[in-house]
Amino acid sequence: MALTTHILDLAEGIPAVDVRVDLFILKETSAEKELLKTSVTNHDGRLDIPLLMESDVEAAVYELIFYIGDYFRRKNPDLIEPLFLDKVPVRFGISDPAANYHVPLLASPWGYQVYRGS
């Protein structure tokens with residue numbers, strides 16, 4: 001099992017390079033969340049290592065924050081602030097810690113799509 005992600009720039013049709021991704025776990029008994037990991041996408045829009053490996057996964061609610069606004073600012077400094085999309089949060093549950101979870105983000109400055117991949 002592993003938790004992985006990748007990001008595609010739909011405006012250009014290319015992988016989104018050097019995008020920060022934060023992974024949090026949400027605490028059951030409160031509204032608090034704990035930062036587990038910060039990573040950055042590589043030349044293929046993927047992370048060099050999974051966000052979590054099997055030994056680190058528990059059945060819980062997680063949240064990914066994709067810093068896609070910083071990426072689009074670098075590509076187009078003429079975008080008008082505030083950006084329509086800046087930090088994209090994706091909250092999801094892992095019910096089976098032995099299963100593989102892949103959470104891709106397809107993004108443009110104006111919209112995004114996320115799904116459970118394989």
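Residue numbers start at 1 and run along the sequence shown. What's counted below: heavy atoms across the whole structure, side chains too, no hydrogens, waters or symmetry copies.
I94 and V103 fall within a single hydrophobic cluster, where Ile, Leu, Val, Met, Phe, Trp and Tyr side chains are chained together by heavy-atom contacts under 4.5 Å. Using a 4.5 Å cut-off between side-chain heavy atoms of Ile, Leu, Val, Met, Phe, Trp and Tyr, with links allowed through other members, I7 and I14 fall into the same hydrophobic cluster. Hydrophobic clustering (side-chain heavy atoms under 4.5 Å, transitive across Ile, Leu, Val, Met, Phe, Trp, Tyr) groups L85 together with V90. The cluster map of Ile, Leu, Val, Met, Phe, Trp and Tyr, joined by side-chain heavy atoms under 4.5 Å apart, puts L3 and V114 in the same cluster.
Between I68 and K87, the closest side-chain pair of non-hydrogen atoms is not below 4.5 Å. Looking at heavy atoms from C-beta onward, E34 lies in side-chain contact with K27 at the 4.5 angstrom threshold. R46 has its side chain out of reach of T4: every pair of non-hydrogen atoms, C-beta onward, lies at least 4.5 Å apart. In this structure, the side chains of L64 and V21 come closer than 4.5 Å at one or more pairs of heavy atoms. Proximity of D44 to P15: side-chain heavy atoms (C-beta onward) are separated by under 4.5 Å at one or more points. Two residues are said to be in side-chain contact when any heavy atoms from C-beta on lie closer than 4.5 Å; F84 and L79 fail this criterion. A 4.5 Å side-chain heavy-atom check between Y62 and L51 finds every atom pair outside the cut-off.
Using a cut-off of 4.0 Å between Lys/Arg side-chain N and Asp/Glu carboxylate O, E63 and R91 are scored as salt-bridged. Salt bridge annotation for K75-D18: absent, with no cationic side-chain nitrogen under 4.0 angstrom from a carboxylate oxygen.
A donor-acceptor pair is defined here as one N or O able to donate and one able to accept, closer than 3.5 Å; no such pair exists between the side chain of K33 and the backbone of L23. A donor-acceptor pair under 3.5 Å is absent between the side-chain atoms of T41 and the main chain of L47, judged by distance alone.
The minimum heavy-atom distance linking A2 with N100 is given by the pair O-OD1, 2.9 Å. The two residues P97 and S95 come nearest to each other via the heavy atoms CD-O, 3.6 Å.
Hydrophobic cluster membership for I80: none, as no Ile, Leu, Val, Met, Phe, Trp or Tyr side chain comes under 4.5 Å of it.
Taking CD1 from I25 and CG from L36, the interatomic distance works out to 5.5 Å, rounded to the nearest 0.5 Å.
Enclosure of atom CD in E32 is not indicated, since only 12 or fewer non-hydrogen atoms of other residues, nucleotides or ligands lie within 6.0 angstrom.
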Take I49 and K37 through the test side-chain contact (heavy atoms from CB on, under 4.5 Å) and record every step on the way to the result. CA-CA 11 Å; I49 59 172; K37 190 171 204 176; 3.5 Å; yes

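In terms of the salt bridge (Lys or Arg N to Asp or Glu O under 4.0 Å) criterion, D9 has no residue partners (sequence neighbours excluded).
Considering T38, D86, D22 in turn, D22 is the only one that fulfils the side-chain hydrogen bond (donor to acceptor under 3.5 Å, both in side chains) rule with Y67.
The ring pair (Phe, Tyr, Trp, His ring centres under 6.0 Å) contacts involving residues 98-118 comprise H6-H102, where partners must be two or more places apart or lie in separate chains.
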